[in-house]
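Accompanying notes for the structure given below.
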Amino acid sequence: RKEVEQDPGPFNVPEGATVAFNCTYSNSASQSFFWYRQDCRKEPKLLMSVYSSGNEDGRFTAQLNRASQYISLLIRDSKLSDSATYLCVVTPILTGGGNKLTFGTGTQLKVEL
Amino acid sequence: GAGVSQSPSNKVTEKGKDVELRCDPISGHTALYWYRQSLGQGLEFLIYFQGNSAPDKSGLPSDRFSAERTGGSVSTLTIQRTQQEDSAVYLCASSPMTGNNEQFFGPGTRLTVL
């Protein structure tokens, strides 16, 4: 079983739609959680951290369920520019210091006119 | 400021040759990581440097892979006797000692082994 599992997609949605991605992780020691975005043939970039209480950044909302070891990302009012691969990422430490990130294989989103 | 840079951006080599990939992290970042991403696969951790501590080499796939970080800054990933399965994009990332553990990635080196 992979440490971080995601539905690879692709998710093809019309502009303006709401779309949700899910991710499960197997290491219960995981403490920090992130969503990274990767555009085609580009490097990954941090989209947002995921906190236990859930957090929102504009059109993006991230949720964490520690009991179920499950992370979600909700994108509202999707834009063409949201088309990318969304990577679910976990790491066992809380803050600072650095540690290896464990990536899911990513969920591909295509927003269409 | 300047981000993470990597060179070369593309490298084509013949099976059996050695290759060296270079990473210049963001100035002041104490942690440096190497990952690789094969076609259709997720990012796979290779090795991690933190300050003067011994590196975490747990992700290196074989003894043909090695990396060093000189002077706590620039890092070189070396692959000896390359094989076709080594073909991938090799990504370097760096992060500061404090903060939310965000890693900043370079543009990667696309390695093709013929």
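Numbered from 1 within each chain, the chains take letters A, B, ... in sequence-line order.
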Does atom [atom1] of [X] have more than 12 heavy-atom neighbours from other groups under 6.0 Å away?
X	atom1	answer
Leu39(B)	CG	no
Glu85(B)	CD	yes
Glu3(A)	CD	no

**Request:** For the pair Glu43(A) and Phe104(B), evaluate side chain to side chain contact (heavy atoms under 4.5 Å, CB included) and give the outcome as yes or no after the intermediate values.
**Result:** CA-CA 9 Å; Glu43(A) 70 273 22; Phe104(B) 297 82; over 6 Å; no
**Options Lys45(A), Lys2(A), Arg41(A), ranked by heavy-atom pairs under 4.5 Å with chain B, top entry** =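 The option with the most such pairs is Arg41(A).
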**Message:** So for Gln38(A), is it side chain, backbone, both, or neither that comes closer than 4.5 Å to the heavy atoms of chain B?
**Reply:**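 For Gln38(A), side-chain heavy atoms alone lie under 4.5 Å from chain B.
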**Asked** Are the ring centres of Phe103(A) and Phe45(B) closer than 6.0 Å?
**Response**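 Here the rings of Phe45(B) and Phe103(A) have centres that are no less than 6.0 Å from each other.
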Check each atom of [X] against the heavy atoms of chain A and say whether the ones under 4.5 Å are side chain, backbone, both or neither.
X	result
Tyr35(B)	side chain
Ser58(B)	side chain
Leu91(B)	side chain
Gln37(B)	side chain

Group every Ile, Leu, Val, Met, Phe, Trp and Tyr by side-chain heavy-atom contacts under 4.5 Å, then state whether [X] and [Y] land in the same group.
X	Y	value
Phe11(A)	Phe60(A)	yes
Leu77(B)	Leu111(B)	yes
Val13(A)	Leu73(A)	yes
Leu87(A)	Leu46(B)	no
Met48(A)	Phe34(A)	no

**Item:** Closest non-hydrogen atom pair, Leu43(B) against Pro44(A)
**Value:**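 In terms of heavy atoms, the two residues are closest at CD2-CG, 3.9 Å.
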**Asked** If you measure from CD on Glu102(B) to CG on Leu47(A), what distance do you get to the nearest 0.5 Å?
**Response**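 CG of Leu47(A) is found 10.5 Å from CD of Glu102(B).
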**Message:** For the CG atom of Leu46(A) and the CZ atom of Phe105(B), what is their distance to the nearest 0.5 Å?
**Reply:**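 It comes to 10.0 Å.
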**Side chain Tyr48(B), main chain Leu101(A), donor-acceptor under 3.5 Å** =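 It does not hold such a pair.
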